[in-house]
Student: 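The structure under discussion is supplied below as structure tokens; questions concerning it will follow.
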Amino acid sequence: MKFEITTLDGAEAGSVEVNDAIFGLEPRADLLQRCVRWQLAKRQAGTHAVKTRGEIARTTKKMYKQKGTGNARHGAATAPQFRGGAPAHGPQVRSHAHDLPKKVRALALRHALSAKAKAASLVIVDDVRLEEAKTKALKDRFGKLGWSNALIIGGSEVDENFGRAARNLPSIDVLPVQGINVYDILRRDKLVLTRAAVDALEARFK
């Protein structure tokens with residue numbers, strides 16, 4: 001599969017042949033869903049909690065005598081059915097993470113890249129470097145290129161000026177190639193890869 005390479009100024013910078021095993025697969029929605037669910041579950045804090053019957057500050061005195069009142073038998077007012085009692089089966093601190101095999105994660109990433117390529121939403125640029133960290137100037141460049149909602153993947157390190165200029169743009173994400181992931185790819189309309197990112201991905205999945 002062949003892609004044209006452009007620059008941040010919109011000029012042509014040649015072309016590159018990419019690996020069909022990475023960018024030419026038929027996207028599988030089930031793999032993408034599994035990986036996104038794994039990512040979102042893993043980043044949940046899981047710090048939600050309610051007090052149990054043993055933790056709330058309330059008297060444990062028996063409410064009324066066991067027999068002879070005609071009422072149900074109760075031992076304390078901390079029971080869930082009473083106002084001020086402990087919630088029944090409330091959330092507790094826990095991890096929401098679950099396992100997903102490494103091979104499935106790697107395959108899902110290839111399918112996410114292929115999905116962007118198939119939808120003509122994949123752009124390859126020569127490099128992402130700026131002489132000055134000016135957000136307004138970068139926004140104007142993105143406007144000319146039609147990148148209003150994009151994930152930009154640089155090489156092993158993102159140019160400092162480019163990263164500082166792009167971080168104030170609300171719908172633009174910038175990541176080094178090591179941080180590429182399925183969720184961030186799918187949540188943005190455009191996927192922009194540098195030539196270095198393409199080389200790194202092909203070496204990773206070789």
Side-chain angles (χ1 to χ4, degrees), residues 1-25 27 29 31-33 35-40 42-43 105-206:
M1 186 181 294
K2 195 173 184 179
F3 279 91
E4 299 299 321
I5 301 175
T6 184
T7 66
L8 287 178
D9 296 320
E12 293 183 0
S15 61
V16 63
E17 193 77 27
V18 298
N19 192 341
D20 287 346
I22 303 172
F23 297 93
L25 301 175
L31 281 177
L32 300 179
Q33 186 270 344
C35 195
V36 168
R37 181 173 173 269
W38 172 78
Q39 279 188 247
L40 295 182
K42 188 178 179 182
R43 76 179 193 181
R105 284 180 265 156
L107 185 59
L109 179 57
R110 286 192 284 158
H111 277 262
L113 294 169
S114 298
K116 287 297 181 185
K118 185 176 181 180
S121 298
L122 175 62
V123 180
I124 299 178
V125 295
D126 187 32
D127 202 358
V128 284
R129 293 186 179 275
L130 293 178
E131 294 182 0
E132 290 184 300
K134 298 290 186 182
T135 300
K136 186 176 185 302
L138 186 60
K139 185 178 180 181
D140 292 339
R141 286 191 181 186
F142 286 171
K144 292 176 183 177
L145 292 168
W147 301 351
S148 59
N149 189 301
L151 170 65
I152 301 170
I153 304 295
S156 57
E157 292 184 3
V158 177
D159 179 61
E160 185 178 355
N161 287 338
F162 183 85
R164 289 174 62 189
R167 69 186 178 189
N168 286 328
L169 300 174
S171 297
I172 300 293
D173 294 330
V174 180
L175 293 172
V177 69
Q178 300 94 321
I180 191 169
N181 63 87
V182 173
Y183 176 70
D184 282 328
I185 290 174
L186 297 180
R187 73 191 287 258
R188 296 301 179 197
D189 294 339
K190 289 278 185 184
L191 174 61
V192 181
L193 299 176
T194 62
R195 192 198 296 260
V198 173
D199 292 339
L201 287 170
E202 292 194 342
R204 176 176 171 179
F205 291 116
K206 189 173 182 182

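Since the structure is predicted, the reported quantities are computational estimates derived from the model, not experimental observations.
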Student: May I ask you to check whether over 12 heavy atoms, not counting those of Gln178, lie within 6.0 Å of atom CD?
Tutor: yes
Student: Quick check for you: to the nearest 0.5 Å, what is the distance between Ile5 atom CD1 and Glu12 atom CD?
Tutor: 11.0 Å
Student: With distance as the sole test, does Asn161 use its side chain to make a donor-acceptor pair with the main-chain N or O of Glu131 at under 3.5 Å?
Tutor: yes
Student: Just do the salt bridge (charged side-chain N to carboxylate O under 4.0 Å, His left out) check on Asp9 and Arg141 with the steps written out, would you?
Tutor: CA-CA 7 Å; Asp9 296 320; Arg141 286 191 181 186; 3.5 Å; yes
Student: Quick one: do Asp173 and Arg187 make a salt bridge, cutoff under 4.0 Å?
Tutor: yes
Student: Please report the closest heavy-atom contact between Met1 and Phe23, naming both atoms and the distance.
Tutor: CE-O, 3.5 Å
Student: Within this structure, what is the CG-SG distance for the pair Leu109 and Cys35, rounded to the nearest 0.5 Å?
Tutor: 7.5 Å
Student: So, the side chain of Asn149 versus the backbone of Asp189: is there a donor-acceptor pair under 3.5 Å, distance only?
Tutor: yes
Student: Give a yes or no on this: more than 12 heavy atoms of other residues, nucleotides or ligands lie within 6.0 Å of atom CD of Gln33.
Tutor: yes
Student: Write down the atom of Ala112, the atom of Leu186, and the distance for their closest heavy-atom approach.
Tutor: CB-CD2, 4.5 Å
Student: With a 4.5 Å cut-off on side-chain heavy atoms, are Leu8 and Val128 touching?
Tutor: yes
Student: Rounded at 0.5 Å granularity, tell me how far CG in Leu31 sits from CZ in Arg110.
Tutor: 10.0 Å
Student: Is Lys144 paired with Asp140 through a side-chain N to carboxylate O contact shorter than 4.0 Å?
Tutor: no
Student: Take atom CD in Glu17; do more than 12 heavy atoms of anything else shown fall under 6.0 Å from it?
Tutor: yes
Student: Rounded to the nearest 0.5 Å, what's the gap from CZ on Arg188 to CG on Leu191? Could you check?
Tutor: 12.0 Å
Student: So, for Arg164 and Arg167, which heavy atoms are closest and what is the spacing to 0.1 Å?
Tutor: O-CG, 3.4 Å
Student: Side-chain contact test, heavy atoms from C-beta onward, threshold under 4.5 Å: evaluate it for Trp147 versus Leu169 and give yes or no.
Tutor: no
Student: Identify the heavy atoms of Gly155 and Ala196 that sit nearest to each other, and give their distance.
Tutor: CA-CB, 4.1 Å
Student: Would you say that Asp126 contacts Thr194 through its side chain, given a criterion of any heavy-atom pair below 4.5 Å between the two side chains?
Tutor: no
Student: Nearest 0.5 angstrom please: Tyr183 OH to Arg43 CZ, how far?
Tutor: 4.5 Å
Student: Write down the atom of Ser156, the atom of Pro176, and the distance for their closest heavy-atom approach.
Tutor: O-CB, 3.8 Å
Student: Identify, with sequence neighbours excluded, every residue that meets side chain to side chain donor-acceptor pair (under 3.5 Å) alongside Asn168.
Tutor: none
Student: Would you call Ile185 and Leu113 a side-chain contact if the rule is heavy atoms closer than 4.5 Å?
Tutor: yes
Student: Does Arg129 qualify as a cation-pi partner of Phe162, given the criterion of NZ or CZ under 6.0 Å from the six-membered ring centre and within 45 degrees of its axis?
Tutor: no
Student: Decide side-chain hydrogen bond (donor to acceptor under 3.5 Å, both in side chains) for Asn181 and Gln39; before the verdict, give the C-alpha distance in whole Å, the side-chain angles of both, and the deciding distance to 0.1 Å.
Tutor: CA-CA 9 Å; Asn181 63 87; Gln39 279 188 247; 3.1 Å; yes
Student: Measure the shortest side-chain to side-chain distance between Glu202 and Ile22 over non-hydrogen atoms and say whether it is less than 4.5 angstrom.
Tutor: yes
Student: Which residue, Asp199, Ile180, Val177, forms the side-chain contact (heavy atoms from CB on, under 4.5 Å) with Arg204?
Tutor: Ile180
Student: With a 4.5 Å limit on heavy-atom distance, are the side chains of Val192 and Ile153 in contact?
Tutor: no
Student: Using the side chain to side chain contact (heavy atoms under 4.5 Å, CB included) rule, take Leu32 and His111 through it: C-alpha gap first, then chi angles, then the decisive distance, then the call.
Tutor: CA-CA 7 Å; Leu32 300 179; His111 277 262; 4.0 Å; yes
Student: State whether the side chain of Ser114 and the backbone N or O of Pro27 hold a donor-acceptor pair below 3.5 Å, judged by distance alone.
Tutor: no
Student: How long is the span from the CG atom in Asp20 to the CG atom in Leu25, to the nearest 0.5 Å?
Tutor: 8.5 Å
Student: Answer yes or no: is there a side-chain heavy-atom contact under 4.5 Å between Asn19 and Phe205?
Tutor: no
Student: Taking the side chain as C-beta and beyond, is there a heavy-atom pair between Leu193 and Val125 under 4.5 Å?
Tutor: no
